[in-house]
Undergrad: 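Input: one structure, supplied below.
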Amino acid sequence: MTAVGPLETARELLREFPVVDGHNDLPWALREQVRYDLDARDIATDQSAHLHTDLARLRAGGVGAQYWSVYVRSDLPDAVPATLEQIDCVRQLIARYPQALAPALTAADMEAARSQGRIASLMGAEGGHSIANSLATLRALYALGVRYMTLTHNDNVDWADSATDEPGVGGLSAFGRAVVREMNREGMLVDLSHVAATTMRDALDASEAPVIFSHSSSRAVCDHPRNVPDDVLERLPSNGGMAMVTFVPKFVLQAAVDWTAAADENMREHGFHHLATTPEAMKVHRAFEERTPRPVATVSTVADHLDHMREVAGVDHIGIGGDYDGTAFTPDGLSDVSGYPNLIAELLDRGWSKPDLAKLTWQNAVRVLGAAEDVARGLQATRAPSNATIESLDG
């Protein structure tokens, strides 16, 4: 009899408890590449030349539920209509591929999609700029199907500090706390990826429901401000929330953090913005990479984060959020959405049990959304929608 190896065991486990992935930027990639022309990027066909994501690779990766990010850049002058376009893109995808994708608004919807063999499709807004300081707009996004909102992206908003901006309000302002409370009342998960550690702590103080990190790793393992400090991870059990490890090399591999800082400085020294992609800028960048090869993360790199996060937060409070189609570089073995079995196989090799892996891939994320729904039902019975404004609370 041939022994079943870790990779086949991983695939068997994912057939029963597929991956709930917390963050995929396919809608933004479709906007940027083809302005939402779904014929030009038909994900029912092989899109490996253009995207990290298509239906066949989602199946191969054992993905059973996906939070599609309805992200828009924080410097867009019209963030709200752009967010609505992103939501419309997800709705078009679900309508176009009904045999593969199932609309999901609740934990029960996620379980129903799993029983049907379809991929539960949820939405998460990436950045509080998408509500333009309006609680009514927040409620409208929830009504349209958005089930989490990341409080900031790379830049501060008026009421919350980002991990990658200079301190503004010192965490959450009074209006920021009102945003968190209104999200709790609606049943929208508070996502703390991208926010400053001060914002994480303030949100945990303010939230009456479980919070999530849709795509963040461990700061103790890789010292990047986008990652979660141990003191915050330690608070997840009492909150009931979860942190979903991301795969972005510059967030998971310390050598990649240091390399990126040096590459960015090289761009500035040559007169370019560090994110510039003009032919002249890319020539400078490629020359730097030839002189100083880019460090490569691996499946093992990501597993190191999960080992630590499990130790600090507990296995009931971790998950996966790959950030596919939102990053230019990926780890070896996790090059696209088909790679999740490789990560599960690595964890099996490290001694993770099948019940613990079922929590990581499926059960924790379903439980957290269901808990947020329970909190919302209780709050709606006792509290009316808030009409507070940023002017009335923050002056």
Side-chain angles (χ1 to χ4, degrees), residues 2-26 43 46-67 114 119 214-218 221-222 227 242-256 294-311 315 318-365:
T2 303
V4 176
L7 188 57
E8 183 52 40
T9 302
R11 291 186 176 122
E12 288 175 2
L13 184 142
L14 290 172
R15 283 191 278 273
E16 184 175 3
F17 297 105
V19 169
V20 180
D21 184 88
H23 195 88
N24 183 303
D25 277 301
L26 175 65
I43 62 168
D46 180 11
Q47 293 298 318
S48 56
H50 308 289
L51 300 165
H52 293 145
T53 308
D54 55 44
L55 296 179
R57 284 181 290 166
L58 287 167
R59 293 293 191 203
V63 177
Q66 180 66 66
Y67 278 96
R114 180 172 69 132
I119 299 166
S214 66
H215 58 309
S216 294
S217 296
S218 163
V221 177
C222 181
N227 289 335
M242 66 184 297
M244 308 175 87
V245 69
T246 195
F247 302 164
V248 180
K250 67 180 179 180
F251 300 154
V252 298
L253 182 65
Q254 192 64 51
R294 177 185 300 275
V296 177
T298 66
V299 174
S300 180
T301 309
V302 176
D304 289 345
H305 283 263
L306 282 170
D307 278 343
H308 183 80
M309 293 161 74
R310 179 177 68 161
E311 180 180 344
V315 74
I318 53 176
I320 297 171
D323 203 8
Y324 285 117
D325 285 308
T327 178
F329 303 100
T330 54
D332 277 0
L334 294 169
S335 59
D336 58 40
V337 296
S338 68
Y340 300 100
N342 296 328
L343 177 59
I344 303 308
E346 172 71 19
L347 296 173
L348 283 164
D349 272 342
R350 294 182 180 214
W352 284 52
S353 70
K354 291 181 182 179
D356 282 358
L357 289 167
K359 291 179 179 181
L360 173 75
T361 59
W362 181 263
Q363 293 170 340
N364 290 343

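Numbering of residues begins at 1 and proceeds along the displayed sequence.
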Undergrad: Which pair of heavy atoms, one from L253 and one from P295, lies closest together, and at what distance?
TA: CD2-CB, 3.9 Å
Undergrad: Side chain to side chain contact (heavy atoms under 4.5 Å, CB included) between D356 and L347: does it pass, once the steps are laid out?
TA: CA-CA 10 Å; D356 282 358; L347 296 173; over 6 Å; no
Undergrad: Looking at V252 and A297, what are the two nearest heavy atoms and their distance?
TA: CG2-CB, 4.1 Å
Undergrad: Compare every heavy atom of S218 with every heavy atom of H305, then report the nearest pair and how far apart it is.
TA: ND1-N, 3.0 Å
Undergrad: Which distance, rounded to the nearest 0.5 Å, do you find between the CE of M309 and the OG of S217?
TA: 5.5 Å
Undergrad: About how many Å separate NE2 of H50 and CG of D325, when rounded to the nearest 0.5 Å?
TA: 12.0 Å
Undergrad: Taking C-beta and beyond as the side chain, do R11 and I344 meet within less than 4.5 Å on heavy atoms?
TA: no
Undergrad: Give me the atom names and distance for the closest heavy-atom approach of D54 to I43.
TA: CB-O, 3.3 Å
Undergrad: With the side chain counted from C-beta on, respond yes when L360 and V315 share a heavy-atom pair under 4.5 Å apart, and no when they do not.
TA: no
Undergrad: Looking at every heavy atom in both R57 and Q47, which two are closest together, and how far apart are they?
TA: NH2-C, 3.3 Å
Undergrad: Checking L306 against R310 for the side chain to side chain contact (heavy atoms under 4.5 Å, CB included) test, could you report, in this order, the C-alpha distance in whole Å, the side-chain angles of both residues, the deciding distance, and whether it holds?
TA: CA-CA 6 Å; L306 282 170; R310 179 177 68 161; over 6 Å; no
Undergrad: Between the side chains of N24 and T53, does any donor sit under 3.5 Å from an acceptor?
TA: yes
Undergrad: Set out, in order, the CA-CA distance, both residues' side-chain angles and the distance that settles side chain to side chain contact (heavy atoms under 4.5 Å, CB included) for F17 and L357, then state yes or no.
TA: CA-CA 8 Å; F17 297 105; L357 289 167; over 6 Å; no
Undergrad: Under 3.5 Å, is there a donor on one side chain and an acceptor on the other for T246 and D323?
TA: no
Undergrad: Taking the side chain as every heavy atom from C-beta outward, state whether D21 and Y340 have any pair of such atoms under 4.5 Å apart.
TA: yes
Undergrad: So, do V296 and F329 sit near enough that their side-chain heavy atoms are less than 4.5 Å apart?
TA: no
Undergrad: Give, for atom SG of C222 and atom CD of Q254, the distance between the pair rounded to the nearest 0.5 Å.
TA: 4.5 Å
Undergrad: If we only count heavy atoms from C-beta on, is the P331 to T301 side-chain gap below 4.5 Å?
TA: no
Undergrad: Rounded to the nearest 0.5 Å, how far apart are CG of L55 and CG of D46?
TA: 11.5 Å
Undergrad: Taking the side chain as every heavy atom from C-beta outward, state whether R350 and S300 have any atom pair closer than 4.5 Å.
TA: yes
Undergrad: Of all the heavy-atom pairs spanning A60 and P341, show the shortest one and how long it is.
TA: O-CG, 3.7 Å
Undergrad: Just jot down the side-chain contact (heavy atoms from CB on, under 4.5 Å) partners of T330, sequence neighbours excluded, or say none.
TA: H52, Y324, T327, S335
Undergrad: NE2 of H215 to CG of D25: how many Å apart, nearest 0.5 Å?
TA: 6.5 Å
Undergrad: Given side chains that start at C-beta, do those of V245 and I318 come closer than 4.5 Å, heavy atoms only?
TA: no
